[in-house]
Number of protein chains: 2
Amino acid sequence: MKPTLQTVADEVGVSRSTVSNAYGRPDQLSPELRERILDAARRLGYAGPNPTARSLRRGRAGAIGVLFTDVLSYAFKDPFAVRFLQGLSLAAERHSTGLLLIPIPDDADAARAAVRNAAVDGFCVFCVAEGHPARQAILERGLPVVGTELHATDPEMLAAGVDEVAATRTAGAHLTALGHHRVAIIADLLHPALGPLTTPVRGPEDVSYQGDRERMRGYQQAWEKAGLDWDEVTIINVAGNSREAGLDGAARALDRRDRPTALIAFSDVIALGALDALRARGLRAGRDVSVIGFDDIPQAAEAGLTTVRQPAKEKGRIAGELLLDPPATAEGRRVALPTELIVRASTGPALDGRN
Amino acid sequence: MKPTLQTVADEVGVSRSTVSNAYGRPDQLSPELRERILDAARRLGYAGPNPTARSLRRGRAGAIGVLFTDVLSYAFKDPFAVRFLQGLSLAAERHSTGLLLIPIPDDADAARAAVRNAAVDGFCVFCVAEGHPARQAILERGLPVVGTELHATDPEMLAAGVDEVAATRTAGAHLTALGHHRVAIIADLLHPALGPLTTPVRGPEDVSYQGDRERMRGYQQAWEKAGLDWDEVTIINVAGNSREAGLDGAARALDRRDRPTALIAFSDVIALGALDALRARGLRAGRDVSVIGFDDIPQAAEAGLTTVRQPAKEKGRIAGELLLDPPATAEGRRVALPTELIVRASTGPALDGRN
DNA sequence: TTGAAAGCGGTACCAG
DNA sequence: CTGGTACCGCTTTCAA
């Protein structure tokens, strides 16, 4: 039988309360008694109050839940996600809180169950598509929830995000100013749980993820503003947010007869894959074909990738703080982070017959 | 007031047990009653049984704890660690269990507290040095613990690991066969919590981490077997397991007057950094200087890095299975995984005056 | 400074 | 198929 508070109390000849105090409120008893209690505990192999029982009593789980699809692989593969998690963990550490990673099973019922069974004080919804069953289950828990979409539809939702539309509108203006109009967008736009990946994506309304949808809107607005035809934009949906996916998607774009003059990736990892595709074809980025990304991960600088910078770690940190210490006012509950267009060598004037 | 089981029971006019059964054992009550209960729950905004309370009653936390130092950054940065975690999460998912990431605070007392307060069913000790205070605290919890050291000193400890000594003995033989004897070892060998990072490392006994210690032993044995002088081996301790650390460490080795003919990294990320250092000096890997790594992460193949392959994801998966379903027999509690020397272009004959 | 008592929200056995 | 009844292990007033 594992020792409990009672075991120790009996051993020392005091009450449970006193033993509890020895651990949680050292100032409530004499140092000698405390020492005696701790000694006895050590002797009995008692490792301290049971965390679960303590959580139940205190009404605080001591962890925040982070949901992941694809057995975590996405989360760990994208340097942006990694930085975000680092920020989140920073906030968690500050509040003596753990991070509970919850792998979301593919099955919808199992996914809901996973959410319902998570002993957490709040959830961070990171890259979970809006219609996903797990998302609904999270809202039902009635716990604080933080996301990265500044304009999330649910009013209860906390958010640490950037103005995606404005960010890509600027990025788009950069491209149109360089004379690009026949371009291809490459991104992981469709969530598999919501429908077949072959669904054609014509515009923002077909995109599963809110962030990506807004990014597309920004580019659309830039095209409008420049008086360009959105139909000249090819939208290529790829499976997954990864360098390999970017390579595939870019290959599909580059091997068309009317090769686009620029490739727009919705993340840097995808953009990096696009650069790989260019290289494989002997094409020079920023000269033959322009490439633009999103995030500004460290590798983007090395690769000379033009991209939109967003503060990844800070985003995570603020998301964590929002969750662990929710502001009282509605305004404080949505924090907007800045973005910046970082122009590097991968974008240049459009090389186009018509120019 | 948040609704509880009782609230729902009262609403429907049944007992708590029945409501509990409606969630946990659907076969214990009529479908109609169950529907009525679930309906009422929905109406009242009851999201299902409180996970903490359930855990307490069931005696199962539903999560395994994974300890991390350095606010998780190490864990997320090394592709090997990422794969390991993926494997771990795979096992966790199979057992409907979450992964609780526990950032270990620098302060020893806080670290112990973090371990004691974790509501978990077991711990996975991944890259936590042997003398680390958190490690002691883990053992005290009396929960199952899995590590990656096959020859861990604690008999209770479960393990999914490789024969590090044999692996590097083979790798070392490869190098000595190529004529290398004046080499440099580059690795993150000293744990900061255990003493200053400037402590000189002369041999295996000075290394903080068991795995690294054994890797060094393997190389030492290869040197002995080849009749070479271990004193010709320079040991360079770097801070952290990262590409940057590898770059730094290699720089220190390459800029010496008696430049080593080969660089031995204890991880591929460090080896990749070493390749960066070579490149920066116009040196060709495998021609001017040889480089060998450990792990065989995907980037190793791209970089043409000779390395020791170990099954990262499988290691994590097995660690998870061991933890969640500990074998009864002592033999089954330590699983040995295979390693393989993968020879690529980064190693070649020693370029040495004396050869 | 110490202790008694009342839960925190459930689960599971067992009787009906 | 349903309900009564003990707990799970701890924290926290409140009195002594």
Side-chain angles (χ1 to χ4, degrees), chain A residues 1-38 40-41 44-62 96 113 116-121 141-143, chain B residues 1-38 40-41 44-62 96 113 116-121 141-143:
Chain A
M1 191 52 207
K2 284 197 74 169
T4 69
L5 254 190
Q6 188 69 253
T7 323
V8 180
D10 290 349
E11 170 81 8
V12 183
V14 294
S15 75
R16 274 149 57 200
S17 326
T18 306
V19 179
S20 176
N21 283 334
Y23 284 95
R25 331 179 129 185
D27 52 316
Q28 297 292 299
L29 70 177
S30 65
E32 308 87 70
L33 179 54
R34 184 172 130 89
E35 227 11 88
R36 258 176 58 214
I37 291 176
L38 263 30
L44 294 165
Y46 178 70
N50 177 317
T52 306
R54 161 178 287 184
S55 287
L56 177 58
R57 182 61 233 234
R58 290 211 173 141
R60 180 175 174 282
S96 307
R116 279 204 292 257
N117 293 331
V120 298
D121 298 313
R141 283 287 300 263
L143 295 172
Chain B
M1 193 52 207
K2 283 196 76 168
T4 70
L5 253 192
Q6 189 67 254
T7 322
V8 180
D10 291 348
E11 170 81 8
V12 183
V14 293
S15 76
R16 271 148 61 200
S17 323
T18 306
V19 180
S20 176
N21 283 336
Y23 283 96
R25 333 180 127 186
D27 53 315
Q28 295 294 298
L29 69 178
S30 65
E32 309 87 68
L33 179 55
R34 185 173 129 88
E35 228 8 271
R36 257 175 59 213
I37 292 176
L38 263 29
L44 295 165
Y46 178 69
N50 177 318
T52 307
R54 161 178 288 182
S55 289
L56 176 58
R57 181 61 234 229
R58 292 211 175 142
R60 181 176 172 281
S96 306
R116 279 203 293 256
N117 292 330
V120 297
D121 299 313
R141 281 287 298 264
L143 295 172

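Note that these values count all heavy atoms, side chains included, but never hydrogens, waters or copies made by symmetry. This one's a predicted model, so the numbers in the text were calculated from it and none came from an experiment. Here is how names work: the chains are called A, B, and so on, in the same order as the sequence lines, proteins then strands, and each is numbered from 1.
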_Smallest separation among heavy atoms of A:L38 and A:A22, with atom names_ = CD1-CB, 4.3 Å
*Near DNA chain D, which residues from residues 4-13 of chain B have a heavy atom under 4.0 Å away?*
none
*Looking at A:T52, A:N117, A:L56, which hits side-chain contact (heavy atoms from CB on, under 4.5 Å) with B:R54?*
A:N117
*Reckon B:Y23 touches a base, only the sugar-phosphate, or nothing at all at heavy-atom distances under 4.0 Å?*
nothing
_Tell me the closest heavy-atom pair linking B:V19 and B:I37, and the distance in Å._
CG1-CG2, 4.0 Å
*Roughly how far, to the nearest 0.5 Å, is the CG atom of B:L29 from the OG atom of B:S17?*
11.0 Å
*Take atom CG of A:D27 and atom P of C:dT1, then tell me their distance rounded to the nearest Å.*
9 Å
_Does A:L44 form a side chain to side chain contact (heavy atoms under 4.5 Å, CB included) with A:V8? I'd like the steps, not just the answer._
CA-CA 7 Å; A:L44 294 165; A:V8 180; 4.1 Å; yes
*What is the distance from CG of B:L33 to C1' of D:dT2, rounded to the nearest Å?*
9 Å
_Under 4.0 Å, heavy atoms only, any strand: does A:R25 hit a base, just the sugar-phosphate, or nothing?_
sugar-phosphate
*What is the distance from CG of B:N50 to P of D:dC8, rounded to the nearest Å?*
18 Å
_Strictly below 4.0 Å: does B:R54 bring a side-chain N or O up to OP1 or OP2 of C:dG10?_
no
*asked:* Between P on C:dT11 and CZ on B:R60, what's the gap in Å once rounded to a whole number?
replied: 13 Å
*asked:* Quick check: closest heavy atoms across A:G45 and A:P3, and the distance to 0.1 Å?
replied: O-CG, 3.6 Å
_Distance in angstrom units between A:L29 CG and D:dT11 P, rounded_ = 13 Å
_Closest-nucleotide 5' rank along DNA chain C - winner of A:T18 and B:N21_ = A:T18
*asked:* Please find the pair of heavy atoms, one from B:T4 and one from B:T7, that lie closest to each other, and give the distance.
replied: N-OG1, 2.7 Å
Short N/O separations, protein against nucleotides 4-8 of chain C, under 3.5 angstrom:
{"residue": "C:dA4", "atom": "N6", "partner": "A:S17", "partner atom": "OG", "Å": "3.1"}
{"residue": "C:dG7", "atom": "N2", "partner": "A:R57", "partner atom": "NH1", "Å": "2.9"}
{"residue": "C:dG7", "atom": "N3", "partner": "A:R57", "partner atom": "NH1", "Å": "3.4"}

*A:Q28 has an atom CD; how far is it from atom C1' of C:dG3, in whole Å?*
13 Å
*Considering all heavy atoms of both residues, which atom of B:V120 and which atom of B:R141 are nearest to each other, and what is their separation?*
O-NH2, 4.2 Å
*Heavy atoms only: give me the nearest A:A9-A:R16 pair and the separation to one decimal.*
CB-N, 3.9 Å
